[in-house]
Amino acid sequence: MIDPRRLTDDLEATAAALARRGVPRERVEALAALERSRRAAIGALDAARAEQRAASKAIGAADPGEREERVAAAATLKARVTELEAELARVEAEHTDAFARVPNLAHPDAPEGAEGDGVVLRAFGTRPTFDFAPRDHVELLEAADALDLARGAKVSGARFAYLKGDGALLELALVRYAVEVAMRHGHVPVVPPVLVREDAMYGTGFLPTDEQQVFRTRDDELWLVGTSEVPLAGLHMDELLEPDTLPLRYAGISPCFRREAGAHGKDTRGILRVHQFEKVELFSFVHPDDSDAEHERILSIEEEVFSGLGLHARVVDIPVGDLGASAARKYDLEAWLPGQDAYREVTSCSNTTDYQARRLRCRVRTTGGDPVLVHTLNGTALAVQRAIIALVEQHQRADGSVAVPEALVPHVGREVLLERR
RNA sequence: GGAGGGUUGGCCGAGCGGCCGAAGGCAGCGGUCUUGAAAACCGCCGUGCGGGGCGACCCGCACCGUGGGUUCGAAUCCCACACCCUCCGCCA
């Protein structure tokens, strides 16, 4: 959510900034009007309440003779207050809903453009070459009975899969490996709840905008998270933090659930786009001055995780037209997938600046001045299914087996996986 | 699922219709004292919103788990819900 105050105080600048995010001028002016009527309603109510309070106080000290008359007068004032309260509630509801749908302001350095206009900042690792026709992850994993898509579909539907045998082992090894890298960089490992209340979904910006992407439960007011970013951000909602506690850094380990509505026909093969996957997520709460540096820091951890697996990938600076509602700036890691002959997104890290903090009411004390909103950042340390794809496809050998990268050997317990029996 | 107890400021903890934004303590901040520190003593010390000065300040309103209700007036009374604790049942 943007700062309503800033919107009315500097309409021109805010309108220009929001135009970058595709918010039309008329809508910005409508928001400003809502903010002004909200303030007017508050002013009127406060004044009426002050009158009523004064009248009530006088009753306590009044002579019994004039009491009845004073009570009647106070009752009239009360009716006025009730009326103004209803008016404010109406304005406030409209205001809240309208502002909740406004995306975060883009970072000045985020590149212009729409999906596909990302700027490749750099690449790391070596793009593998093969003296045989490389297979894709489905062929490699199914041949070794490490993946069962057909039965996944039978039991749960399309976009669900079983990881078995080496596939299951690979998940455990990758999670453990990623958590260790994250811990080396000061992120505290966390296994969070994956069912959360609506408040946490709103606070992180997944509601109301992406409602159709989220699984919800029928009999309880709970939502299944699409990333542990939600419960990790929620960790400090409604909190006023002490400055010396920042930065707070976490590494969430959790399954993630996504409806993938509107993605019909897209990435239907294999486990690239599934309804349920496991992910290790980096999350930081920092002082607002430090969020740019923290963003680079999280990106570098992501690069370390991937390059540590001997994988080739590139870093993409995502254009404003392709940012989610909460992000001011986003970097993706795109790994080379020989099976698709393409680079595909395997991680993503966003600086959400004060967007989530405002919605979650998370602030930090400052020396002297008023508390300020913290900045929050999130990034994928490792998304298991996509990492598995990149790993088996890039490290495959002619016989369909996969060389386990050195860093993963201790966690897998073997140097080769997916050998056919 | 059943029965009880609880939820007050950064923390602990009083308050049980108007004098309560809220005693007291701890922590924190400033000062006196001290070679320095501790102790002692003095002072300050919640958050949000609205308005004004538009500076380190003043005024108003709101907030005692959340949402309703009673009342001229509620932290205090009533109802619902959420969460925490104890006991019983069930269960991994």
Side-chain angles (χ1 to χ4, degrees), chain A residues 1-11 31-100 191-203 216-217 219-223 231 234-246 248 255 285 287-288 354 356-374:
Chain A
M1 189 162 75
I2 59 160
D3 185 353
R5 190 96 235 176
R6 185 171 155 191
L7 178 88
T8 48
D9 288 359
D10 196 354
L11 185 70
L31 289 166
L34 270 176
E35 169 63 8
R36 279 191 298 269
S37 43
R38 184 182 139 263
R39 278 191 241 165
I42 290 171
L45 176 58
D46 283 358
R49 276 176 168 158
E51 267 190 80
Q52 193 207 344
R53 168 188 270 221
S56 293
K57 262 200 169 132
I59 290 168
D63 292 333
E66 54 184 6
R67 192 168 188 283
E68 197 171 314
E69 187 185 327
R70 286 185 183 238
V71 166
T76 309
L77 291 171
K78 190 212 169 161
R80 174 73 181 142
V81 166
T82 306
E83 197 179 298
L84 290 170
E85 278 174 342
E87 170 63 10
L88 177 61
R90 195 187 58 73
V91 172
E92 200 93 64
E94 200 184 339
H95 181 278
T96 303
D97 186 64
F99 275 83
V191 175
V194 294
L195 283 164
V196 300
R197 292 211 173 121
E198 199 170 81
D199 202 25
M201 293 301 288
Y202 263 96
R216 64 186 306 182
T217 57
D219 293 333
D220 302 280
E221 286 301 312
L222 292 171
W223 301 70
L235 219 34
H236 298 293
M237 83 176 159
D238 288 314
E239 288 186 23
L240 177 53
L241 302 169
E242 297 298 330
D244 60 4
T245 61
L246 294 181
L248 285 160
F285 295 82
H287 185 91
D354 63 8
Q356 295 179 332
R358 179 173 285 111
R359 295 162 76 110
L360 291 164
R361 303 161 300 275
C362 178
R363 293 160 303 139
V364 58
R365 281 189 203 282
T366 56
T367 45
D370 293 328
V372 295
L373 293 163
V374 301

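Throughout, protein chains are lettered first and strands after them, A, B, ... in sequence-line order, and every chain is numbered starting at 1.
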Exercise for the section: Taking side chain to side chain donor-acceptor pair (under 3.5 Å) as the test, write out the residues that go with A/Arg80, two or more places apart. Expected result: A/Glu83
Problem - Salt bridge A/Arg38-A/Glu92, side-chain N to carboxylate O under 4.0 Å - result: yes
Exercise for the section: Whole angstrom is fine here: how far is it from CG in A/Asp238 over to P in B/G10? Expected result: 12 Å
Problem - Smallest separation among heavy atoms of A/Pro231 and A/Val196, with atom names - result: CB-CG1, 4.4 Å
Problem - Any A/Arg365 side-chain nitrogen or oxygen under 4.0 Å from OP1 or OP2 of B/C29 - result: no
Practice task
Treat a base pair as Watson-Crick or G-U wobble with both distances under 3.5 Å, then lay out RNA chain B in dot-bracket form, 5' to 3', with | for cross-strand pairs.
Solution key: ((((((((.[[[..)..(.....]]].(((((.......))))).(((((((....))))))).[[[[[..)....]]]]])))))))....
Practice task
Could you work out which one of B/G18, B/G60, B/U71 sits closest to the side chain of A/Ala50?
Solution key: B/G60
Problem - Whole-Å distance separating the CG atom of A/Asp3 from the P atom of B/G50 - result: 9 Å
Problem - Whichever of A/Arg49 and A/Arg5 has its nearest RNA chain B nucleotide further upstream toward 5' - result: A/Arg5
Problem - OP1 or OP2 of B/A62 under 4.0 Å from side-chain N/O of A/Arg53 - result: yes
Practice task
Report the C-alpha distance between A/Arg6 and A/Glu35 in whole Å, list the side-chain angles of each, state the deciding distance to 0.1 Å, and finish with yes or no for side-chain contact (heavy atoms from CB on, under 4.5 Å).
Solution key: CA-CA 10 Å; A/Arg6 185 171 155 191; A/Glu35 169 63 8; over 6 Å; no
Problem - Interatomic distance at P, B/A14 relative to B/G24, whole Å - result: 15 Å
Handout entry: Of A/His287, A/Arg365, A/Arg363, A/His236, the residue whose pairing with A/Leu241 passes side chain to side chain contact (heavy atoms under 4.5 Å, CB included)
Key = A/His236
Practice task
For B/C72, take OP1 and OP2 only and decide whether either is under 4.0 Å from a side-chain N or O of A/Gln52.
Solution key: no
Handout entry: Rounded distance in Å - CZ (A/Phe99) to P (B/C49)
Key = 14 Å
Exercise for the section: Find which nucleotide of RNA chain B each of A/Arg197 and A/Leu240 is nearest to by heavy atoms, and output the residue with the more 5' nucleotide. Expected result: A/Leu240
Practice task
Please determine if a side-chain N or O atom of A/Arg363 lies less than 4.0 Å away from the OP1 or OP2 oxygen of B/G48.
Solution key: yes
Exercise for the section: Pick the C1' atom in B/A74 and in B/C20, then give their distance to the nearest Å. Expected result: 11 Å
Exercise for the section: Give a yes or no on whether A/Glu85 atom CD has more than 12 heavy-atom contacts from other residues, nucleotides or ligands under 6.0 Å away. Expected result: yes
Practice task
Specify the residues of residues 33-48 of chain A, ordered by number, for which at least one heavy atom lies under 4.0 angstrom from an atom of RNA chain B.
Solution key: A/Glu35, A/Arg38, A/Arg39, A/Ile42, A/Asp46
Problem - C1' spacing across the pair B/G17 / B/G69, given as an integer number of angstrom - result: 15 Å
Exercise for the section: Considering only atom P, compute the distance from B/G9 to B/G46 and round it to an integer number of Å. Expected result: 14 Å
Exercise for the section: Rounded to the nearest angstrom, tell me the gap between atom CD in A/Glu239 and atom C1' in B/G46. Expected result: 16 Å
Problem - Distance between P atoms of B/C81 and B/C87 (Å, rounded) - result: 24 Å
Handout entry: Gap in Å between the two C1' atoms, one belonging to B/G25 and one to B/U34, rounded
Key = 27 Å
Handout entry: Residue pair A/Gln52 / A/Val81: nearest heavy atoms and the distance that separates them
Key = OE1-CG2, 3.5 Å
Problem - Separation between the C1' atoms of B/C83 and B/U66, rounded to whole Å - result: 10 Å
Fill in the blank from the handout: In whole angstroms, the gap separating C1' of B/C29 from CD of A/Glu242 amounts to 12 Å
Handout entry: Verdict with supporting geometry, A/Leu246 and A/Leu248, side-chain contact (heavy atoms from CB on, under 4.5 Å)
Key = CA-CA 5 Å; A/Leu246 294 181; A/Leu248 285 160; 4.1 Å; yes
Problem - A/Asp199 CG - B/G65 C1' separation (whole Å) - result: 14 Å
Exercise for the section: Could you measure between the two C1' atoms, the one in B/C63 and the one in B/U8, and give it in whole Å? Expected result: 11 Å
Practice task
Would you mind reading off the distance between A/Leu84 atom CG and B/A62 atom P, rounded to a whole angstrom?
Solution key: 13 Å
Handout entry: For atom CG of A/Leu77 and atom C1' of B/U71, their distance in whole Å
Key = 15 Å
Handout entry: A/Arg359 backbone acceptor or donor facing A/Arg361 side chain under 3.5 Å
Key = yes
Practice task
Of all the heavy-atom pairs spanning A/Val374 and A/Pro288, show the shortest one and how long it is.
Solution key: CA-CD, 4.3 Å
Practice task
Tell me whether the OP1 or OP2 atom of B/G73 has a side-chain N or O from A/Lys57 closer than 4.0 Å.
Solution key: no
Problem - Evaluation steps, side-chain contact (heavy atoms from CB on, under 4.5 Å), between A/Ile42 and A/Asp46 - result: CA-CA 6 Å; A/Ile42 290 171; A/Asp46 283 358; 3.8 Å; yes
